[in-house]
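Below is one structure; the comments refer to it alone.
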Amino acid sequence: MESIGKEKPLTVTGGISLNQIFYTANGIDSRRDPYTYFASGNVNFSLYGWSVPFSFSYSNQNTSFQQPFNQYSVHPTYKWVTGHLGYNSMSFSPYTVNGHIFLGGGVDLAPEGKWKFSALYGRFMRAVEYDTISNATPSFKRMGYGFKTSYNDGNNFVDLILFRAKDDQHSIDPIPDSLSILPEENLVVSIGAGKTFFTNFVLKAELASSALTRDLRADETNTGHILGNTGFLYKPRLSSSYYKAFKTSLDYQQQGYTIGVGYERIDPQYRTLGAYYFNNDLENITVNGSASILRGKMNVAVSAGTQRDNLDKSKISTMRRMVASLNINYTPTEKLNLSASYSSFQTYTNIRSQFVDINQLTPYDNLDTLNFTQISQSVSTTAMYMLGSSKEKRQTLNVNLSLQAAADEQGDEEQNSGSKFYMSNVSYSLNLTPQNLTLAISINGNINESVGFSTKTFGPTASVSKMFFSKTLRTTFSTSLNNSYTNNKHTNKIVNLRLSGGYSIQKKHNLNASMVMVNRDSKTETNTKSFTEFTGTLGYSYSFGTKR
């Protein structure tokens, strides 16, 4: 309130955008709607430092959520108070609430001092009726709430987290038992702490316990577990189970380097309804270190240890192996930058080929892609060299190589499965500053090998970008040619042409347009098929800001 009388009381900023996509195909049936639009906008009201932002997005294109993509949220902020209303996601810790979208409200309180508070309440899943016609996956309405309390004095901290979620078993009509979709209930409690001692030693730990009921229709029972005796918070049933997750680390920090050890154990089937995905049934023991050497020109980070699963001995075989990661970044001169990394940690990642971006018709083609692949080893190297740099001309050469290998093991014996994914990219760019002109060319290659199956894709890409009229008009033209091979037989040739432009008016209005033409020749043992797809995009955006 100290700003009253000293500045404008109300500030309004925001913007709105509308994008339209037109599509047609020749040689095949249309693979998308002939017309699609995406609208989005945001408005932020600030009254004497109290900020209230609003945002929205809307599309006529259905998504995997079986509804148009329209979500609204508001995040009012005043000094150390931040609210979250509408569709939001909050993260308390990896073992409790971690990025799950919910419809409701939340608050973060961060006053000056040692204490911080967070809380949330809302609907984590909406009710979806079983429908044999649309084949939609049914789900119960799921409500949840949680809070986090933190104390941090700079050298020591303590976090206390509680999260509870429960399905409404009466929110939808009865569904067939064969679908194995049951009403669930979950209570998670986590305690985290950290302490700095002897100046350079940092000890951190988190212990989480999850009580999960897989079927709310089961009879109630008594249990000796602490979470089963929490009164109204959780009622144990015959279908209830209890799991733990524990992680701790001890680091020694000095100027220029850090070394430490870590331990993590997650029970088999550990799960929380506050997160979408979770790795469980694992135990990791690691040693890690990082250092800055050669007067800061080289940074090295290394981690190594052991990993095993089958913690409850319920599986026939146990996987046990060494795990390691190494990251190196070296900048010997201002013109050359080198980096390399290696990892053999078990994780889930999305192998995304650069040809996904090269060949997609619109930026919205892969919005809902969630393809997770288990990777056992990953190696990548990158080199960037400045061939020459001046006020008039700048030249850059980039080289990228990577290898990702996925495989299954049982009883330390490699199975007849798995795959290897190689990716390479070499690119050159020339930027002529006085002409506002940028030229670029690249060669891309992918090789994917699995048991009895191999695919290869290679091809060049070239682009030209130029700005006109005092940089208010931006234009880009690019083209690429990709050839694909399956088991050394030529199966696809893809040629695409792209033309795009954007015009800015008074820095508030922006018009953009693009055209994409993709021609595909597909060959099989019995047929050769050629078809062409065309996509045009027209967009407008407006940004504003006023003070009153």
Side-chain angles (χ1 to χ4, degrees), residues 93-100 180 184 186-192 204-214 225 227 239-250 260-288 301-327 341-351 370-379 403-421 450-451:
S93 81
Y95 308 122
T96 55
V97 179
N98 192 19
H100 198 298
S180 299
E184 298 181 308
N186 182 217
L187 174 65
V188 187
V189 176
S190 171
I191 299 177
K204 297 180 181 179
E206 181 180 359
L207 174 63
S209 183
S210 175
L212 182 65
T213 297
R214 289 180 170 80
H225 196 278
L227 294 186
S239 62
S240 299
S241 300
Y242 306 91
Y243 309 100
K244 297 187 301 299
F246 177 69
K247 185 176 183 178
T248 184
S249 64
L250 176 63
V261 295
Y263 176 81
E264 182 181 23
R265 178 188 172 94
I266 305 176
D267 284 349
Q269 302 184 50
Y270 183 97
R271 189 162 62 94
T272 166
L273 300 184
Y276 290 109
Y277 302 100
F278 211 91
N279 289 332
N280 53 37
D281 191 15
L282 62 86
E283 181 183 62
N284 288 327
I285 303 174
T286 58
V287 178
N288 56 79
V302 61
S303 179
T306 63
Q307 182 185 82
R308 71 181 181 97
D309 66 353
N310 198 18
L311 302 185
D312 60 357
K313 307 299 181 181
S314 62
K315 300 178 182 178
I316 298 176
S317 61
T318 300
M319 183 276 293
R320 188 190 301 269
R321 62 172 178 164
M322 293 292 296
V323 291
S325 69
L326 174 66
N327 292 277
S341 65
Y342 168 80
S343 173
S344 67
F345 280 100
Q346 182 180 1
T347 185
Y348 287 85
T349 188
N350 185 4
I351 299 179
L370 289 174
N371 297 320
F372 290 87
T373 303
Q374 192 172 23
I375 303 300
S376 58
Q377 294 189 83
S378 175
V379 181
L403 162 66
Q404 293 179 333
D408 294 329
E409 292 184 357
Q410 291 184 4
D412 296 330
E413 295 292 333
E414 185 173 349
Q415 303 300 298
N416 189 27
S417 61
S419 63
K420 291 183 179 180
F421 184 83
S450 57
V451 178

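Keep in mind that the numbers below use all heavy atoms, side chains included, and drop hydrogens, waters and symmetry copies. Since the structure is predicted, the reported quantities are computational estimates derived from the model, not experimental observations.
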Taken to the nearest 0.5 Å, the spacing of L273 CG from L187 CG works out to 10.5 Å

So, D312 versus S314: side-chain donor-acceptor pair below 3.5 Å or not?
yes

Distance, nearest 0.5 Å, that separates CG of N186 from CG of L227
9.5 Å

Quick one: salt bridge (charged side-chain N to carboxylate O under 4.0 Å, His left out) partners of D281, sequence neighbours excluded?
K315

Starting from the C-alpha separation in whole Å, work towards a yes-or-no answer on side chain to side chain contact (heavy atoms under 4.5 Å, CB included) for S240 and H225.
CA-CA 11 Å; S240 299; H225 196 278; over 6 Å; no

Taking all heavy atoms of Y270 and all of Y95, pick out the closest pair and write down the distance.
OH-O, 2.9 Å

Can you measure from CG (N98) to OH (Y277) and round to the nearest 0.5 angstrom?
13.0 Å

Only one of Q307, K247, R265 passes side-chain hydrogen bond (donor to acceptor under 3.5 Å, both in side chains) with N284, and that residue is Q307

If you take all heavy atoms of K204 and T248, which pair is closest and at what distance?
O-OG1, 2.8 Å

Tell me every residue that passes salt bridge (charged side-chain N to carboxylate O under 4.0 Å, His left out) with E184, counting only those two or more places apart in sequence or in another chain.
R142, R271

Evaluate the criterion side chain to side chain contact (heavy atoms under 4.5 Å, CB included) for residue pair Y243 and N280; output intermediate values, then yes/no.
CA-CA 10 Å; Y243 309 100; N280 53 37; over 6 Å; no

More than 12 non-hydrogen atoms from neighbouring residues, nucleotides or ligands closer than 6.0 Å to CD1 on I191, yes or no?
no

Can you see which heavy atom on N310 is nearest to which on R308, and at what distance?
O-NH1, 4.5 Å

Are side-chain N/O atoms of S93 and E206 paired as donor and acceptor at under 3.5 Å?
yes

Looking only at heavy atoms, what is the nearest atom pair of V188 and T96, with distance?
CG1-CG2, 3.6 Å

Calculate, to the nearest 0.5 Å, the distance between atoms CG and CG belonging to L311 and L282 respectively.
7.0 Å

Using 0.5 Å steps for rounding, measure from the CD atom of Q404 to the OG atom of S378.
4.5 Å

How long is the straight-line distance from CG of N327 back to OH of Y342, given to the nearest 0.5 Å?
12.5 Å

Would you say the side-chain atoms of S239 and T213 include a donor-acceptor pair closer than 3.5 Å?
no

